2 protein chains.
Amino acid sequence: MTQKQRRKPGETRDKLMRAALDLVGKGRHFASLGIREVTRQAGVVPTSFYRHFRNMDDLGLQLVDELGLVLRRMMRETRANASQAEKLMSESVATFVSHVQANRSFFLFMAQGMAGESRAVQDAIRSEMRFFSSELANDLRRLRLVDHLNDSDLNMVCDLVVRAVAFSLPDLLWVSPDDGYQTDLIREQTTRYLQLIFVGAANWKSQ
Amino acid sequence: MTQKQRRKPGETRDKLMRAALDLVGKGRHFASLGIREVTRQAGVVPTSFYRHFRNMDDLGLQLVDELGLVLRRMMRETRANASQAEKLMSESVATFVSHVQANRSFFLFMAQGMAGESRAVQDAIRSEMRFFSSELANDLRRLRLVDHLNDSDLNMVCDLVVRAVAFSLPDLLWVSPDDGYQTDLIREQTTRYLQLIFVGAANWKSQ
DNA sequence: TCCAGGTGTGTACAAGTGTTCACTGATGTG
DNA sequence: CACATCAGTGAACACTTGTACACACCTGGA
C-alpha cells in the first residue's frame, strides 16, 4: 500500500549493492552474506533481489565493476599529482591511502575478494591489478626514468610496486579508520618500501 | 549402537578441523562454513562439535595454531638450506612454494584469514608474519650480509621480503595445483622480486 | 489510448540452521 | 570395584534460509 515503486531505474539495485557493502564495512565477510540478510539491510523485500541479480555471486561481480571505477578514478588522480619525480612516490601513496579511507568498504571487499570463493571475482581483481601495473610501466617509460631497464624487468619492478602498495591494504584496514597516527606510520612505511624498490631498480642491470 | 567413542583423545576434534580445512580446500570460504556442514563432512553428529569448540570462530583460532606449526617447520627447513648465500633466495622461495603445494588447504585458509571476519585470526596471522620477518633479520645480521644497514632499515627490508613472498600466495593458490609450468613461473618471478629488493638493500644508504 | 514489460510486494513452503537436552558407553583414578 | 568425567549419540526446538508464485503498479512506445 505505501509503496513507491521505481522512482529511479536501478534504485533498488544500488540499495542492494550498498547494503552488501555496508555489511562488509561492519565487519562481515562477503562470502557469509545471504540474500535475505542483504535485502533486510537494504529495506527491501527478499523477492526484489532476483529482479537485479541471479545470486550473491552475481552481486559480487557487479560490485567488482564498481570497484573498478573507484580504482580508475584513483589512478587518474595519482597521475595528475605525478608532476615532479621527487615526491612522486610519497604522493602516490598518500593518494592511495586517502582513497582507501574514503571508500573503506570497497577496499575491504577487494581485500576479501582476493582470496574469496568466487573465481570470477578473483579474476576481476587480479586483472585490475595487472592493469595498474602496466599503466605504471607506461608512465615510467614516458617519464624516461627507467631507460636502462628492458621491458621484462620494468614489468617486474612495476608488479612489485603494485604488490607492495596492495599489501598495505590489510594494514590500513586493520587499524581504526580514524587512527591518524597509525595511518601515518603505514603511509610512511609503504613509501619507504617504494623507495627501496626504486633504489633496486636504479641499480638493476638488465640482461 | 555402532559407536566406537573416543578411541584416541582428540580424534573427533582433529576430524572436525580436517573437515573444515577440506571444505576450504574444495573452494569454500571459511567464513561461509556452518557447524552442521563441518560435522557432516567429518562424519560426526552436530552435537559433537560443542564438545571441542564453542563456535566456528573458535575452530578457526585453533586452526591458526596448527598453521603456526606448519610455518615454523617451514622456517626451520628454510634455515637448514641457507648454506651458501648464493642460492639463498631461490632456495628459500622454492621451500616456500613446495610447502604451499604440500599444505594447500592450510595456506588457502591463511590467505582467507588475512582479510577474514575474525579479528583474532587476523591478529594471529599478522603476528606470525612479524615473527618471520624478525627471524629473517636475525639471520641476515648473523650472516653479516647487511652490515651497512641500521636496525630500522633492516627491518623494513625484511618486512618487504616477507610481504613479497606472502603476496605470491594468491598467485600460487590461483593456479591449478599440478600446473608445474605456471608454478615455476611464479617461483621464478618471486625470486626476482627478492633479488631486486636485495639490490635495493645493497645500495641503500642508512641515515 | 492501450498494452507489454520491468519493478516492487506479500504469502508460502521445504530445507537447512544453531543450540539444548537427556541418554549411553568407555576410561582412568581412588 | 565403584564412580565421576569425558566424548559420543538421537530427538527436538524455534528460527532462518533460498526460491517460487501470483499479484499490483508505474512507465514508455505504438
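Because the structure is predicted, anything quoted here is derived from the model rather than measured. To find a chain, count down the sequence lines: A is the first, B the second, and so on, and within it residues start at 1.
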- Task: Give a yes/no on whether any side-chain N or O of A/Y50 is located under 4.0 angstrom from OP1 or OP2 of D/dA20.
- Result: no
- ring pair (Phe, Tyr, Trp, His ring centres under 6.0 Å) partners of A/F107, counting only residues at least two apart: none
- Which pairs, with at least one residue in residues 155-166 of chain B and sequence neighbours excluded, count as a salt bridge (Lys or Arg N to Asp or Glu O under 4.0 Å)? A/D171-B/R163
- Quick one: is the NZ or CZ of B/R13 closer than 6.0 Å to the six-membered ring centre of B/F49, and within 45° of its axis? no
- Message: Rounding to an integer number of Å, can you tell me how far B/K15 NZ sits from D/dA7 P?
- Response: 14 Å
- What is the distance, rounded to the nearest whole Å, between atom CZ of B/F49 and atom P of C/dC21? 18 Å
- Do A/R187 and A/T183 have a side chain donor and acceptor closer than 3.5 Å? no
- Item | Distance in angstrom units between B/D57 CG and C/dG18 P, rounded | 12 Å
- Query: Any side-chain N or O of A/H52 less than 4.0 Å from the OP1 or OP2 oxygen of C/dG8?
  - Reply: yes
- Task: Tell me yes or no: between the side chains of B/R130 and B/S134, is some donor less than 3.5 Å from an acceptor?
- Result: no
- Figure out the CG/P separation between B/L33 and C/dT17, and round it to whole Å. 11 Å
- How close or far is atom C1' of D/dA7 from atom CG of B/D14, stated in whole angstroms? 14 Å
- Task: Can you label the angle between the A/H29 ring and the B/H29 ring as parallel, tilted or perpendicular, going by 30° and 60°?
- Result: tilted
- Going by number, which of residues 34-47 of chain B have a non-hydrogen atom under 4.0 Å from DNA chain C? B/G34, B/I35, B/R36, B/R40, B/T47
- Message: Tell me every residue that passes salt bridge (charged side-chain N to carboxylate O under 4.0 Å, His left out) with A/E135, counting only those two or more places apart in sequence or in another chain.
- Response: A/R79
- Item | Non-neighbouring partners of B/R144 that pass salt bridge (charged side-chain N to carboxylate O under 4.0 Å, His left out), sequence neighbours left out | B/D147
- Taking five pairs at each end of the helix from C/dT1-D/dA30 to C/dG30-D/dC1, what angle separates the two helix axes (nearest 10°)? 10°
- Find the distance B/R13:CZ to D/dA7:P and express it as a whole number of Å. 11 Å
- Whole angstrom is fine here: how far is it from CG in A/N55 over to P in D/dT17? 17 Å
- Note on the structure: From CZ of B/F53 across to P of D/dC6 the rounded distance in Å is 17 Å
- Message: Whether A/R72 and A/E128 form a salt bridge (side-chain N of Lys/Arg under 4.0 Å from carboxylate O of Asp/Glu) is what I want to check.
- Response: yes
